[in-house]
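Below, read A as the first sequence line, B as the second, and so on, with proteins coming before strands; counting in each chain starts at 1.
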There are 2 protein chains.
Amino acid sequence: MDYENFSKQLKAISDPNRLKIIDLLSCGTLCACDLLEHFEFTQPTLSHHMKILQEAGIVSAKRVGKWQHYTLESSFIAGFNNNVSTLFENGPECACHCKK
Amino acid sequence: MDYENFSKQLKAISDPNRLKIIDLLSCGTLCACDLLEHFEFTQPTLSHHMKILQEAGIVSAKRVGKWQHYTLESSFIAGFNNNVSTLFENGPECACHCKK
DNA sequence: ATTAAACATAGACGCTTATCTATATGAAGT
DNA sequence: ACTTCATATAGATAAGCGTCTATGTTTAAT
């Protein structure tokens with residue numbers, strides 16, 4: 001498995017505020033201003049977090065008028081779950097190259 | 001869900017070298033010197049990584065003579081998978097508090 | 001055309017992290 | 001006792017991260 005790539009996905013997720021953003025988006029698409037209401041930090045900070053989530057392929061954005069609509073990428077979730085499985089399980093791709 | 005706690009677990013995992021360590025341990029218990037053979041960094045660096053994994057409850061250690069035997073904590077894996085599920089799924093604990 | 005609202009970018013600051021070298025500890029063999 | 005092997009700790013350094021304030025950009029309404 002590609003540790004570098006999986007590491008980037010994990011780092012994008014492993015911030016408490018971004019975890020909450022993902023949790024919020026798991027219910028459906030939201031715009032930035034709706035997201036911001038759930039947090040104590042400033043708008044530029046949200047913008048920064050959303051950029052990180054987008055660059056990691058976790059969230060997609062779409063402008064609708066003045067608003068940015070953010071959506072969880074289902075393809076990311078599938079790939080992520082796949083990586084978690086192969087990481088913890090003693091599969092044929094295991095780094096130790098042992099016979100299972 | 002406890003974002004702070006899940007964030008700590010994720011941060012402990014989200015380093016490419018620690019991912020590889022976990023992958024290696026998914027095949028079974030290994031000592032530090034066996035682990036070290038798979039990496040380019042120095043022994044103190046491995047020691048540092050193992051400490052982080054232990055403090056996060058991901059790995060347990062047991063001295064056997066001169067060697068430290070490291071084992072993946074199955075309880076961690078169960079809890080981690082649980083957190084991943086509740087994060088991505090629109091469950092009753094979702095941060096948006098919407099009716100499902 | 002102006003203004004206001006929603007969002008992005010730039011730059012700065014303090015904190016954390018991954019790595020290294022040097023050294024300490026601890027167990028086992030001679 | 002001394003040495004050797006396996007591992008841990010201490011301290012330093014450079015890079016990355018999360019947050020802020022200040023400012024820019026874009027869209028829509030008046």
Side-chain angles (χ1 to χ4, degrees), chain A residues 2-25 28-72 95, chain B residues 2-25 28-72 95:
Chain A
D2 186 346
Y3 301 116
E4 288 289 342
N5 186 55
F6 191 26
S7 166
K8 282 174 188 169
Q9 292 183 348
L10 288 163
K11 281 180 181 169
I13 279 187
S14 54
D15 172 86
N17 289 318
R18 288 197 290 271
L19 281 175
K20 189 172 175 182
I21 291 170
I22 291 169
D23 203 4
L24 287 165
L25 291 179
T29 298
L30 287 173
C31 71
C33 53
D34 286 339
L35 282 169
L36 190 57
E37 287 180 354
H38 292 83
F39 297 96
E40 307 265 312
F41 50 62
T42 61
Q43 174 268 320
T45 298
L46 177 65
S47 216
H48 169 248
H49 286 311
M50 298 318 293
K51 192 176 182 182
I52 287 176
L53 290 173
Q54 285 179 79
E55 284 172 350
I58 298 169
V59 156
S60 64
K62 185 183 163 192
R63 267 211 103 98
V64 179
K66 296 190 292 185
W67 297 275
Q68 277 282 19
H69 285 208
Y70 293 108
T71 311
L72 252 186
Chain B
D2 187 345
Y3 300 118
E4 288 289 341
N5 186 55
F6 191 26
S7 167
K8 282 174 187 167
Q9 292 183 347
L10 287 163
K11 280 181 181 170
I13 280 188
S14 54
D15 172 89
N17 289 318
R18 287 198 291 269
L19 281 174
K20 190 173 174 182
I21 291 170
I22 292 170
D23 203 5
L24 288 164
L25 291 179
T29 297
L30 288 172
C31 72
C33 54
D34 287 339
L35 282 169
L36 191 56
E37 288 180 353
H38 293 83
F39 296 95
E40 308 266 314
F41 51 63
T42 62
Q43 175 268 320
T45 297
L46 177 66
S47 216
H48 168 248
H49 285 310
M50 299 318 292
K51 193 176 183 183
I52 287 175
L53 290 173
Q54 285 178 80
E55 286 174 348
I58 297 169
V59 156
S60 64
K62 186 183 164 191
R63 268 211 102 98
V64 180
K66 296 190 292 185
W67 298 274
Q68 278 281 19
H69 285 207
Y70 293 109
T71 311
L72 252 186

Specify the separation, in whole Å, of atom CG of Leu30(A) and atom P of dC7(C). 11 Å
Between C1' of dT19(D) and CE of Met50(A), the distance in whole Å: 17 Å
I need the NZ-C1' distance between Lys62(A) and dA6(C), as an integer number of Å. 17 Å
Closest approach to the side chain of His49(A), judged atom by atom: which nucleotide of dG18(D), dA27(C), dA6(C) is it? dG18(D)
Heavy-atom side-chain contact between Leu24(B) and Phe39(B) under 4.5 Å: yes
Given side chains that start at C-beta, do those of Gln43(A) and Leu46(A) come closer than 4.5 Å, heavy atoms only? no
Got Leu36(A) and Phe41(A) here, is their nearest side-chain heavy-atom distance under 4.5 Å? yes
Once you apply a heavy-atom cut-off of 4.0 Å, does Ile52(A) come out as touching a base, just sugar-phosphate, or nothing? sugar-phosphate
Less than 4.5 Å apart, any side-chain heavy atom of Lys11(B) and any of Ile52(B)? no
On DNA chain C, more 5' by nearest nucleotide between Tyr70(A) and Lys11(B) is Tyr70(A)
Of the listed nucleotides dT7(D), dA28(D), dA18(C), the one nearest the side chain of Ala32(B): dT7(D)
Gln54(A) has an atom CD; how far is it from atom C1' of dT9(C), in whole Å? 14 Å
Mind calculating the distance between CD (Gln68(A)) and C1' (dT25(D)) to the nearest angstrom? 12 Å
Within less than 4.0 Å of OP1 or OP2 of dA18(C), is there a side-chain N or O belonging to Arg18(B)? yes
Where along residues 39-46 of chain A does a heavy atom fall under 4.0 Å from DNA chain C? Gln43(A), Pro44(A)
Side-chain heavy-atom pair Thr71(A), Lys62(A) within 4.5 angstrom cut-off: no
Quick check: does any side chain N or O of Arg18(B) sit under 3.5 Å from a backbone N or O of His49(B), one acting as donor and the other as acceptor? no
Rounded off to whole Å, could you give me the CG-to-C1' distance for the Asp15(A) and dT19(D) pair? 11 Å
Rounded to the Å, how far apart are Leu19(A) CG and dC17(D) P? 16 Å
To the nearest Å, give me how far apart CG (Leu10(A)) and C1' (dC17(D)) are. 16 Å
Closest approach to the side chain of Trp67(A), judged atom by atom: which nucleotide of dA6(D), dA6(C), dT9(D) is it? dA6(C)
Side-chain N or O of His48(A) versus OP1/OP2 of dC7(C): is the shortest distance under 4.0 Å? no
Between the main-chain N or O of His38(B) and the side-chain N or O of Lys20(B), is there a donor-acceptor pair closer than 3.5 Å? yes
For Arg63(A) and for Asn17(A), find the nucleotide of DNA chain D with the closest heavy atom, then tell me which residue's nucleotide is more 5'. Asn17(A)
